[in-house]
Protein chains: 2
Amino acid sequence: MTRANEAWESLMKAYSVLMKQFNAEDIWGDLTMREYDVLYQLSKCDSPLRMSELNRHVLLSQPALSRMVDRLVERGYLDRCPDPGDRRGVRLTLTPAGRETQRQIGRPHARSVTRALNVLTPQELEQLAVITGKLSQSEE
Amino acid sequence: MTRANEAWESLMKAYSVLMKQFNAEDIWGDLTMREYDVLYQLSKCDSPLRMSELNRHVLLSQPALSRMVDRLVERGYLDRCPDPGDRRGVRLTLTPAGRETQRQIGRPHARSVTRALNVLTPQELEQLAVITGKLSQSEE
DNA sequence: TTAGAGTAGATGCAAACGCATTAGTCATCA
DNA sequence: TGATGACTAATGCGTTTGCATCTACTCTAA
C-alpha cells in the first residue's frame, strides 16, 4: 500500500469521524447537514449562483440538488429566478429567512469545528489547508 | 473565520472533489462506492467483523448498513453468521467472491487514488496522513 | 433470580437519492 | 436560416436512506 493510499484512507476516516460527530450535535433544527451545506455555499457568494455552479460545490447528483432546491424554495429559504442572460439556467439566492437560518446554525457549528480541530497545532492547521487545497485544485 | 474553519472547509472540498472524480471512473461494476467501502473495510480484517464495529468505519446509519449488508449477503459477497459469544450480534465475513470482487475493483481504484494524490510531495503525503490521523483519534 | 437498564441488529415507513431520460435553450457552422 | 451537438435544469421511476421503533439478548445489582 502506497503512502498516497494511506493518506487518502486517513483523510476519509477523519472526514467520516468528524461528520458523524457534527451530525450528532443538536444544532441543525429542521435542516439536514446537506441542506445546511447548500445554504452555507450560497451564503458565501453575494451574487446569485447558478444551479450547475452550486452543484460543483456540493456532493450531490444534479437531480438530487434540483429537488433539494425545490424543497428549500418551498420552505422559504431560497429564491429561484430565471437567469435573464441564459434562459436555460436559474439564479439562486438566499432569502432573508434563509440567511438568518444559516447564521443561526452556522455559529454553533463553527464553534464545533473549531473545537474538533483544536487538537492540531497552528502549523498543522496551515499545512492541512494548503495540502487539501492542492488536492481540490488538481481536477483534470 | 478561524484557521480551523478554513482548514475544515478545505478538507471537505478536497473530499468532495476527489469523491466525485473517483465516482466518475468506470471501475465500479455493479457496486456503488458505499458498497465497495463495506467490502474494503471487511477485506482489511481477517477476523469476522461485528455489525456495530463495521458501522464505526462507514458513514451510514445503522439501519442503512443493516440493509446494505442484507443486499450484499443476498448477492453473494458477504456471509452473515450469528456470533456464538453474543447471540444478539452477527459476524460478517467476505465470501471468496466478495474478496475477489473487492480486489478487482480495488486495484484500479488504488491506482486512481495514487494518481490523484501525486500532486503532493512525499512530505505532504506524510503530513496529511499524520494530521488526519490526529483528527480521527480525537473522538470525545 | 430477577427487575431494569443497556446494547445489537432488524423492520415500518416516509423522505431523499441516483440513473436515465426529457424539454428547452444556446452556439456553431454549413 | 436551419440542422446538429452541447448544455442546463426538471421529471419518471425504482432503490436506498434515515428516523423511530421493535425484538431479542446481555449485564448489573438488589
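Order of the sequence lines fixes the chain letters, A, B, ..., with proteins taken first and strands second; residue numbering starts at 1 for each chain. Because the structure is a prediction, the values reported are computed rather than measured.
One interatomic measurement links the two molecules: CH2 of A:W28 to P of D:dC19, which rounds to 13 Å at whole-angstrom precision. What separates CE of A:M33 from P of D:dG18 is a distance of 13 Å, to the nearest Å. Atom CG in A:L54 sits about 14 Å away from atom C1' in D:dT8, given to the nearest Å. The separation between A:L78 atom CG and D:dA9 atom P is 13 Å, rounded to whole Å.
A distance of 9.5 Å separates CG in A:L94 from CZ in A:R103, rounded to the nearest 0.5 Å.
Legend: side-chain hydrogen bond (donor to acceptor under 3.5 Å, both in side chains) pairs involving residues 60-74 of chain B, not counting sequence neighbours, sorted by first then second residue: B:D70-B:R80. The list of side-chain hydrogen bond (donor to acceptor under 3.5 Å, both in side chains) pairs with a residue in residues 81-96 of chain A, not counting sequence neighbours, reads A:R50-A:D83, A:D86-A:R88.
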*Quick one, give me the B/S/- string for nucleotides 7-17 of chain C, reading 5' to 3', where B means a protein heavy atom under 4.0 Å from the base and S means that only happens at the primed atoms, P, OP1 or OP2.*
BSBBBBB--SS
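Take B:E100 and apply the salt bridge (Lys or Arg N to Asp or Glu O under 4.0 Å) test, not counting sequence neighbours, and it matches no residue. For B:E25, the salt bridge (Lys or Arg N to Asp or Glu O under 4.0 Å) test picks out no residue, with sequence neighbours left out. B:E6 meets the salt bridge (Lys or Arg N to Asp or Glu O under 4.0 Å) test with no other residue; sequence neighbours excluded.
For the pair A:R87 and C:dC26, the criterion of a side-chain N or O lying under 4.0 Å from OP1 or OP2 is met.
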